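Some notes on the structure that comes next.
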Amino acid sequence: MTITLERAEQAYCRVRDVVPRVEWATMADDVEAIFRLKQERNAIILAHNYMTPEIFHGVADITGDSLALARQAVDVDADVIVLAGVHFMAETAKLLNPAKTVLIPDPLAGCSLAESITPEDVRALRAQHPGVPVVTYVNTSAAVKAESDICCTSGNAEQIIAGLGVDRVIMIPDQYLAANIAARTGVEVITHPGSCEVHERFTADDIRQIRADHPGVDVIAHPECPPAVVAAADFAGSTADMVDYVARKRPGQVALITECSMSDNVAQLYPDVKFVRPCNLCPHMKRNTLSVIRRALETMTHEVTIDASVAESARAAVARMLQPGLWKDKAVTA
Ligand code: 13P
Ligand code: SF4
């Protein structure tokens, strides 16, 4: 057995509870090639929690929510970063690693939130609300980040909004995340009519049905869900907060109100927990497959570049969210 075959077999051990052996047989060749190419290219794979298990547990080097991927991207010791996720995540990795090659396996992996807002929209909001700080969700383009004072993710939004110490903020572009954070912090939030096409489809009736069908189930919702869904849940948090909740509480049954691969990935780690699976698929995240990741490493495509005219300001907005000490620097209008 070659070293790579050993690696593919080790990778299988990490997914065997959620990927049948017969399916793995169709994946092993790509897995072996990816391990070989990572070594040849001195590359690492950063994978979001919504990747399918064969990517998440099989070939990824670093996994997590948007915040963890941004944080970990800062310390990456490799020449090449493959971002198995969506385009804004790859742009964030590039902003934090301007000297490294950052690849997005499929450049069409977008996000309904990122597509909902333009830099002109941000400038118009600023003109309507002079002096009000602009907090921008990382699910946006670099050009939109460049118009912002500070970024946030679902993992730190509450902390950042509360930490600004102001009564009003412009929080864009997710109207539901903004409403959920306003409810938790008491800060008045001016927002934008963007939404996540995956999470906006969940309803409070879905939660009632899950509770009726699975008495005693713990329901955890992503804060991109509408406020009525978050209110009906037991807990709301980022995808990393969801993993943490299951790890700490070990509920008998849990429903993760989010993208489908989350339950598969967490179920592999906690076989004692029963996962109720009322999920919606993200078509953008699902553009990442083993074969497109392999092709990205073989051909060194698609390289992420950021327009020099926006890179510096966008990087500053991301850096402020990663270094809380910078929240109150003079560039933040609060
Ligand atoms: P997290 O930051 O919670 O992982 O969310 C990212 C995302 O795209 C959710 O839809
Ligand atoms: Fe965007 Fe929603 Fe997909 Fe996340 S799940 S990448 S917010 S469309």
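Atoms within a ligand are numbered from 1 in the order they appear, just like the ligands themselves. Only heavy atoms go into these numbers, but all of them, side chains included; no hydrogens, no water, no symmetry mates. Model, not experiment: these values are computed from the prediction.
- More than 12 non-hydrogen atoms from other residues, nucleotides or ligands lie less than 6.0 angstrom from CD of E303.
- Here the two cysteines C279 and C260 have their SG atoms closer than 2.5 angstrom.
- When only non-hydrogen protein atoms are considered, atom 2 (Fe) of ligand 2 lies nearest to C196 SG, 2.3 Å.
- Not one N or O of N49 is nearer than 3.5 Å to an N or O of ligand 1, by distance alone.
- Per-residue contacts place H199 under 4.0 angstrom from the following atoms of ligand 1 (heavy atoms of the residue considered): 10 (O).
- Look at M242 and you'll find every heavy atom at least 4.0 Å from all atoms of ligand 1.
- Residue H284 does not count as close to atom 2 (Fe) of ligand 2, with no N, O or S atom under 2.8 Å.
- For ligand 2, the atoms lying closer than 4.0 Å to a non-hydrogen atom of N139 are 7 (S).
- Among L177, V243, T239, the residue whose heavy atom lies nearest to atom 4 (O) of ligand 1 is T239.
- Counting atoms of ligand 2 from 1 in the listed order, those under 4.0 Å from a heavy atom of L113 are 7 (S).
- For atom 1 (Fe) of ligand 2, the nearest protein heavy atom (residue, atom name, distance) is C111 SG, 2.4 Å.
- Within 6.0 Å of CZ on R41 lie more than 12 heavy atoms contributed by other residues, nucleotides or ligands.
- When C225, A68, S66 are ranked by how near their heavy atoms come to atom 6 (C) of ligand 1, first place goes to S66.
- Distances below 4.0 Å separate heavy atoms of Y50 from the following atoms of ligand 2: 5 (S).
- Heavy-atom separations between E259 and ligand 2 are all 4.0 Å or longer.
- Between atom 5 (S) of ligand 2 and the options V138, V86, V198, D174, the minimum heavy-atom separation is to V198.
- Exactly one residue among H87, E197, E115 makes a side chain to side chain donor-acceptor pair (under 3.5 Å) with H284. That residue is E197.
- Close approach of ligand 1 to S238 (heavy-atom distance below 4.0 Å) involves ligand atoms 3 (O).
- With hydrogens and angles disregarded, a donor-acceptor distance shorter than 3.5 Å links the side chain of K100 to the backbone of A78.
- Of all the atoms in ligand 2, the ones that sit under 4.0 Å from a non-hydrogen atom of S112 are 8 (S).
- Ranking the protein heavy atoms by distance from atom 5 (O) of ligand 1 puts H222 NE2, 3.3 Å first.
- When heavy-atom distances to ligand 1 are checked against a 4.0 Å cut-off, N139 comes that close only through its side chain, counted from C-beta outward.
- The S154 neighbourhood of ligand 1 comprises atoms 1 (P), 2 (O), 3 (O), with distances under 4.0 Å to a heavy atom of that residue.
- Across the listed options E224, E197, M89, E224 owns the non-hydrogen atom lying nearest to atom 9 (C) of ligand 1.
- Annotation for ligand 1: atoms under 4.0 Å from non-hydrogen atoms of D65 are 1 (P), 2 (O), 4 (O).
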